[in-house]
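Structure record follows, encoded as structure tokens.
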Amino acid sequence: MRDDNCIFCKILSGDIPSTAVYEDDSFRAILDVNPAARGHVIILPKNHAANIFEITDEDVSKIMVVAKKIATALKKTYDCDGVNILQNNGEAAGQTVFHLHVHVIPRFKNDTVDIGWKQGEMPEDLTVIAEEIKANM
Ligand code: 5GP
Ligand code: ZN
């Protein structure tokens, strides 16, 4: 349940210091050291799992409840206009620490936080795409 080469496992064991805002039996939520905005929190499952493909159903189902708790606290604390909850899997998707974590980021109208993508054209074969994916469910 721990990977000795993992920076977030080292944070969870206390070998590397961090600043926690929440903890329960399964998770610790800490301040991101290079935040996108003031109050940027990352939620770390205590069991090491590299990504969404490895995390247990139990942990993954509980982590959004924690995200809601953190988001609610951030809204009360900073009176932010919005909150991004996001989670990256794989280098191609922007993951840099390979211990699954969920970001909770306060957002304000006209802030400079850059999260997003350019919207594409609507595909003509939406039903084909759906069938492709459904074949693997
Ligand atoms: P990812 O890019 O993998 O989704 O996010 C990794 C996050 O972990 C980044 O936002 C980065 O700032 C944060 N991070 C990396 N190393 C540390 C650390 O040692 N302590 C804390 N608190 N955050 C870290
Ligand atoms: Zn880890």
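- The shortest non-hydrogen separation linking Arg107 to Cys80 is O-CB, 3.4 Å.
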Handout entry: Step-by-step side chain to side chain contact (heavy atoms under 4.5 Å, CB included) determination, Val83 to Val104
Key = CA-CA 7 Å; Val83 171; Val104 189; 3.5 Å; yes
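- Inter-residue side-chain proximity for Ile30 and Ile11 is flagged as met; some heavy-atom pair is nearer than 4.5 Å.
- Val41 and Phe108 end up in the same hydrophobic cluster when Ile, Leu, Val, Met, Phe, Trp and Tyr side chains are linked at under 4.5 Å.
- Of the possible donor and acceptor atoms, none in the side chain of Asp125 sits under 3.5 Å from a partner among the backbone N and O of Val128.
- A pairwise comparison of heavy atoms in Pro106 and Tyr78 identifies CG-CD1, 4.4 Å as the closest pair.
- In this structure, the separation between CG on Leu100 and CZ on Phe53 is 10.5 Å, given to the nearest 0.5 Å.
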Problem - From CA spacing to verdict: side chain to side chain contact (heavy atoms under 4.5 Å, CB included), His40, Asn34 - result: CA-CA 9 Å; His40 179 168; Asn34 296 119; over 6 Å; no
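- Atom CG in Asp111 sits 15.0 Å away from atom CZ in Arg38 (nearest 0.5 Å).
- Taking 4.5 Å as the limit, some side-chain heavy atom of Pro45 sits within range of a side-chain heavy atom of Ile63.
- In this structure, NE2 in His48 is found 10.5 Å from CG in Leu12, a value given to the nearest 0.5 Å.
- No salt bridge links Asp79 with Lys109; every basic N to acidic carboxylate O contact stays at or beyond 4.0 Å.
- Side-chain atoms of Gln95 come within 3.5 Å of backbone N or O of Gly90 as a donor-acceptor pair.
- To the nearest 0.5 Å, atom CG of residue Leu74 and atom NZ of residue Lys69 are 13.5 Å apart.
- Nearest heavy-atom pair, Ala71 versus Ile85, reported as atom, atom and distance to 0.1 Å: CB-CD1, 4.5 Å.
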Problem - Residue pair Val66, Tyr22: steps toward the side chain to side chain contact (heavy atoms under 4.5 Å, CB included) verdict - result: CA-CA 9 Å; Val66 179; Tyr22 173 81; 3.8 Å; yes
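- Lys62 and Ser26 form a side-chain donor-acceptor contact under 3.5 Å, judged by distance and modelled atom types alone.
- Using a 4.5 Å heavy-atom threshold, the side chains of His103 and Ile43 count as separate.
- Across Ile70 and Ala29, no two heavy atoms sit closer than the pair CD1-CB, 3.7 Å.
- In terms of heavy-atom proximity, Ser61 sits nearest to Glu58 at OG-O, 2.9 Å.
- With rounding to the nearest 0.5 Å, the separation of NE2 in His99 from NZ in Lys10 is 13.0 Å.
- Cluster annotation: Val97 is not connected to Val102 through the hydrophobic network of ILVMFWY side chains, with a link wherever side-chain heavy atoms come within less than 4.5 Å.
- Among all heavy-atom pairs drawn from Asp24 and Lys46, the shortest one is O-NZ, 2.7 Å.
- To the nearest 0.5 Å, atoms CD1 (Ile105) and CG (Leu86) are separated by 5.0 Å.
- The backbone N or O of Ile52 sits less than 3.5 Å from a side-chain atom of Asn89, completing a donor-acceptor pair.
- Hydrophobic clustering (side-chain heavy atoms under 4.5 Å, transitive across Ile, Leu, Val, Met, Phe, Trp, Tyr) keeps Ile42 apart from Val60.
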Handout entry: Full working for side chain to side chain contact (heavy atoms under 4.5 Å, CB included) between Val21 and Thr19
Key = CA-CA 7 Å; Val21 298; Thr19 308; 5.8 Å; no
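- The aromatic rings of His101 and Phe8 sit perpendicular to each other, their planes meeting at more than 60°, with 30° as the lower class boundary.
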